> 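Here it is, the structure, as structure tokens.
Just so we're clear, the structure is a prediction, and the values are computed from it rather than from any experiment. In what follows, every chain begins at residue 1, and chains take the letters A, B, ... in the order their sequences are listed. When reading the values below, keep in mind they use all heavy atoms of this one structure, side chains included, and skip hydrogens, waters and symmetry mates.
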There are 4 protein chains.
Amino acid sequence: MSARALRRDAAENRSRILDAARSTFDQEGLDAGMEVIAQRAGVGVGTIYRRFPTKEDLIASVVHEVLSDIRDAQRSALDANDAGDGFLALLFDVGEIYRLHLGCLPRLWGDADDELREEIDHLGREVLERAQRAGAVRSDVVYEDLVTLFWSLRGVIERSGTVSPDAWRRALELQSQAWMFCNAPLRTAPPSSSEVALIRGQSQN
Amino acid sequence: MSARALRRDAAENRSRILDAARSTFDQEGLDAGMEVIAQRAGVGVGTIYRRFPTKEDLIASVVHEVLSDIRDAQRSALDANDAGDGFLALLFDVGEIYRLHLGCLPRLWGDADDELREEIDHLGREVLERAQRAGAVRSDVVYEDLVTLFWSLRGVIERSGTVSPDAWRRALELQSQAWMFCNAPLRTAPPSSSEVALIRGQSQN
Amino acid sequence: MSARALRRDAAENRSRILDAARSTFDQEGLDAGMEVIAQRAGVGVGTIYRRFPTKEDLIASVVHEVLSDIRDAQRSALDANDAGDGFLALLFDVGEIYRLHLGCLPRLWGDADDELREEIDHLGREVLERAQRAGAVRSDVVYEDLVTLFWSLRGVIERSGTVSPDAWRRALELQSQAWMFCNAPLRTAPPSSSEVALIRGQSQN
Amino acid sequence: MSARALRRDAAENRSRILDAARSTFDQEGLDAGMEVIAQRAGVGVGTIYRRFPTKEDLIASVVHEVLSDIRDAQRSALDANDAGDGFLALLFDVGEIYRLHLGCLPRLWGDADDELREEIDHLGREVLERAQRAGAVRSDVVYEDLVTLFWSLRGVIERSGTVSPDAWRRALELQSQAWMFCNAPLRTAPPSSSEVALIRGQSQN
DNA sequence: CATGAATGAGAATTCATTCAT
DNA sequence: TATGAATGAATTCTCATTCAT
């Protein structure tokens, strides 16, 4: 077997493990045992630990995939012809992703993996501001409000996701109307970006 | 304060335990060990088990406090002169309660403490319908949407509650505008009441 | 309340505890909790610990009562007109006592309480030898065989005592025939008295 | 021998655990802690739980060995040329087995491992009836008496087994004479087979 | 390299014993 | 003196992680 073939095997193995971990976490949550994941991947636990020194590392890798899905969604939101449509599409795309990877939500923002998260924040801001510049979204909301909206989305999906796969759509539709069709003044200030950073840093659940 | 000096009146001790449990659950989640709670309460584990035969019982007791607070909030919402004000007050009262008892939100609906929960549902419906009859809340939303709104509220508070104690107010203000000042049509149907019941029944997290 | 009255109270209390302990052990075995015994006696656990510094001490006291019942049985066996009848009566009396105090059997011989046990051994030897001298019991058995017979009796009663209160009688009837009506030689030697002492010393179950 | 050196082949390990369990149960009873058994076996607790998901399972496995030994003894008792010799051999074989597995006698009959137990009952009846037909055993005893005899045997062995490994032989020799050489009438009826079944069903000690 | 057996710290719970009231 | 609340060591069992094969 050539070195190249070995490398290919290894890569394949790695992705089998990631797939197994993702689907296991999706179904059983992050408390799922490593043994279960190993079985689903058709490997021994030891093999997992060769690729991912720690369960946390494994989780982080799965989360990374979810995060890049989100980034992709933001990119295409930015590509949309209509800024408002793009914004709205982003909301629903993220909902879709959340529902698909329900089990990973607890760690979605907790870890370091900074580059990707920075990109996500950057893109998210763009999407929002573009929609605001186009007049599609009220001007008195800020990016931190969007982060908060995603927290609320998570709340809905974590409850209803497995039983009622579309309940979050209704909630999002309703909520998005406040962003796009309302102008009543808001008395409370949004959380500061440093607060948001702090929250994310603690977020282990 | 010596370990000996911590021995107190039983009733006081009980509430010390409940307080310790609440704050521990807030910070570490419901997986927090009984030992930790005992230390925080300044008692031995055995003392906890004297009052609460099971960890579940301890959780249930914390939860019970929350539920009766919620019921009280709904009662006073019904008593409000203005139906719209009552509705709005309910939203913010529940937010307040959720933030105070953040740690036990995961079990808020799962258990069988039925009478109280039924009363809550009944009152909640009343509050909503009264506000709708008064024209303060759009007529195309149903009680299940309110339940969903509370799920979303929980999502926000579980993230931000400890760090940014008012972030949820902002989110709620925004969201409530969609309920009170918007009329754009909604394409998705709300979850059915049986779906909601099913979701609650499974709700162990 | 006079000192005498106090002493009477205390004595009464002590016997209430002993009664409660005896009946609890009879029904639930020696693993029964101290709290249960206290409740049955209508006192607090603390009161038990005032009279009996240790659970072991309490058990020993209950056992002491059983042992004196056995001693009494042996005394009346010695008083019997017919030596063979006396011997037989002893067997069945002990069976009766064992069944009545089924829960205490595990500690019947383990503890120190020497005087009573010595008396029991002494009397037991007498009963046996008297019956042998009278020709009612075969001459090739020794007191250690009698001790062994009581072990076997315990085995039967511990199994069947609660369900089939007379099963042990049948077993004893059968076994006694070997002692009284058989003469076939025995090839194995009986356990030595020092072995028996050693066995009793270890007997904590 | 270092802790590392103790790691062995899995199969060997399993029997080391079973051996350790047996001898620990013999000495400390079934209440012995898993930690103790693990130490004696030279493994960690986790290793025990890998092979035996539950302490009950561990006990059941030890018990199973005993039961199949008993069945084997009965088979060879049936194969004996002389029916009386076969019967007698069975008694002593069972004694031998009981002594060897002294620690698990409390659970010998309680569980549901039914097939084996039914076979044992069936064979036991055969052995007895064959000996009765051959005139070697008195005709007024039934299989339930044999069960009772084994209870009594257990009583003797549980007391004396570790200290005086042959004491039970003497007791059995004596007792067997009542079965084989006596004819005096028996006044008490044997326990019914349903009583015996009930006793076994409860037998957790 | 892969495997899965072994490890052992940690979790919930029980109960004999102590001690403030 | 009596009470029963408080204590905490011990028990069964789980699971992330290590390492012999």
> If we call it a pair only when both distances are under 3.5 Å in a Watson-Crick or G-U wobble match, what pairs with E:dT21?
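Per the H-bond distance test, F:dA2.
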> Closest to the D:R50 side chain: E:dT3, F:dT17, E:dG4?
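Closest of the options to the side chain of D:R50: E:dG4.
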> Hey, does C:G46 reach any base, or is it just sugar-phosphate, or nothing, if we go heavy atoms under 4.0 Å?
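Answer is base: heavy atoms of C:G46 come under 4.0 Å of a base.
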> Which sits closer to the 5' end of DNA chain E, C:P53 or A:E35, going by the nucleotide each is nearest to?
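On the 5' side of the pair lies A:E35.
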> From CG of A:L58 over to C1' of F:dC15, roughly how many Å is that when rounded to an integer?
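Checked: the CG to C1' distance equals 15 Å.
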> Quick check for you: among F:dA2, E:dT17, F:dA6, whose closest atom lies nearest to any side-chain atom of C:M34?
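Of the options given, the side chain of C:M34 lies nearest E:dT17.
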> Is the closest side-chain heavy-atom distance between A:D26 and A:L100 below 4.5 Å?
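With C-beta onward as the side chain, the pair stays apart.
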> Salt bridge or not for A:D19 and A:R16, using N-O below 4.0 Å?
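A:R16 and A:D19: not salt-bridged.
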> Distance check needed: F:dA9 C1' versus B:Y49 OH, whole Å only.
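Interatomic distance, OH of B:Y49 to C1' of F:dA9: 15 Å.
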> Nearest to the side chain of D:K55, which nucleotide is it out of E:dT17, F:dC13, F:dA6?
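From the listed options, F:dC13 comes nearest.
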> For B:A32, report the nucleic acid contact type (base, sugar-phosphate, nothing); a contact means any heavy atom under 4.0 Å.
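Result for B:A32 = sugar-phosphate.
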> If you compare every side-chain N and O of B:N13 against the phosphate oxygens of F:dA6 (OP1, OP2), does one of them come in below 4.0 Å?
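Yes, because at least one side-chain N or O of B:N13 sits under 4.0 Å from OP1 or OP2 of F:dA6.
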> Working note: A:I59 + A:F52, criterion side chain to side chain contact (heavy atoms under 4.5 Å, CB included); need CA distance, chi angles, decisive distance, verdict.
CA-CA 9 Å; A:I59 292 174; A:F52 307 93; over 6 Å; no
> Among F:dT7, F:dA6, E:dA6, which nucleotide sits nearest the side chain of B:V43?
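The nucleotide sitting nearest to the side chain is F:dT7.
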> Looking at C:R154 and D:E158, does any basic side-chain N land under 4.0 Å from a carboxylate oxygen?
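So C:R154 does not pair with D:E158 through a salt bridge.
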> Using whole Å, what does the distance between atom C1' of nucleotide F:dG4 and atom CD1 of C:I37 come to?
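Going from C:I37 (CD1) to F:dG4 (C1'), I get 16 Å.
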> Map B:D31 and D:G44 onto DNA chain E by nearest heavy atom, then report which one ends up closer to the 5' terminus.
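In this pair, the answer is D:G44.
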> When both hydrogen-bonding distances must be under 3.5 Å and the geometry is Watson-Crick or G-U wobble, what is E:dA11 paired with, if anything?
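By the stated definition (distances under 3.5 Å), F:dT12 pairs with E:dA11.
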> Can any side-chain N or O of B:R117 pair as donor or acceptor with the backbone N or O of B:L108 at less than 3.5 Å?
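A pair under 3.5 Å: yes.
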> Report yes if at least one side-chain N or O of A:R51 is closer than 4.0 Å to OP1 or OP2 of E:dA2; otherwise report no.
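For E:dA2, OP1/OP2 do have a side-chain N/O of A:R51 under 4.0 Å.
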> For the pair made of CZ in C:R14 and P in F:dT1, what is the distance, rounded to whole Å?
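Spelled out: CZ on C:R14 to P on F:dT1 is 15 Å.
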> Rounded to whole angstroms, how far apart are CD on B:E56 and P on E:dA11?
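Going from B:E56 (CD) to E:dA11 (P), I get 16 Å.
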> Tell me if a side-chain donor or acceptor on B:R51 pairs with a main-chain N or O of B:L58 at a distance below 3.5 Å.
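Not a single qualifying donor-acceptor pair exists.
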> Rounded to whole angstrom units, what separation is found between the CG atom of C:L30 and the P atom of E:dC15?
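Nearest whole value for this atom pair: 14 Å.
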> Taking atom C1' of E:dT18 as reference, at what distance in whole Å does atom CZ of C:F52 sit?
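From C:F52 CZ to E:dT18 C1': 18 Å.
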> Mind calculating the distance between CD1 (C:I48) and P (E:dC19) to the nearest angstrom?
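The answer, rounded to whole Å, is 18 Å.
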> Where the side chain of D:T47 is defined as all heavy atoms beyond and including C-beta, which of E:dT7, F:dT17, F:dT12 is the nearest nucleotide?
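Side chain of D:T47 sits closest to E:dT7.
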> For the side chain of C:V45, starting at C-beta, report the closest nucleotide among F:dT7, E:dT18, E:dT13.
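Looking only at heavy atoms from C-beta outward on C:V45, the closest nucleotide is E:dT18.
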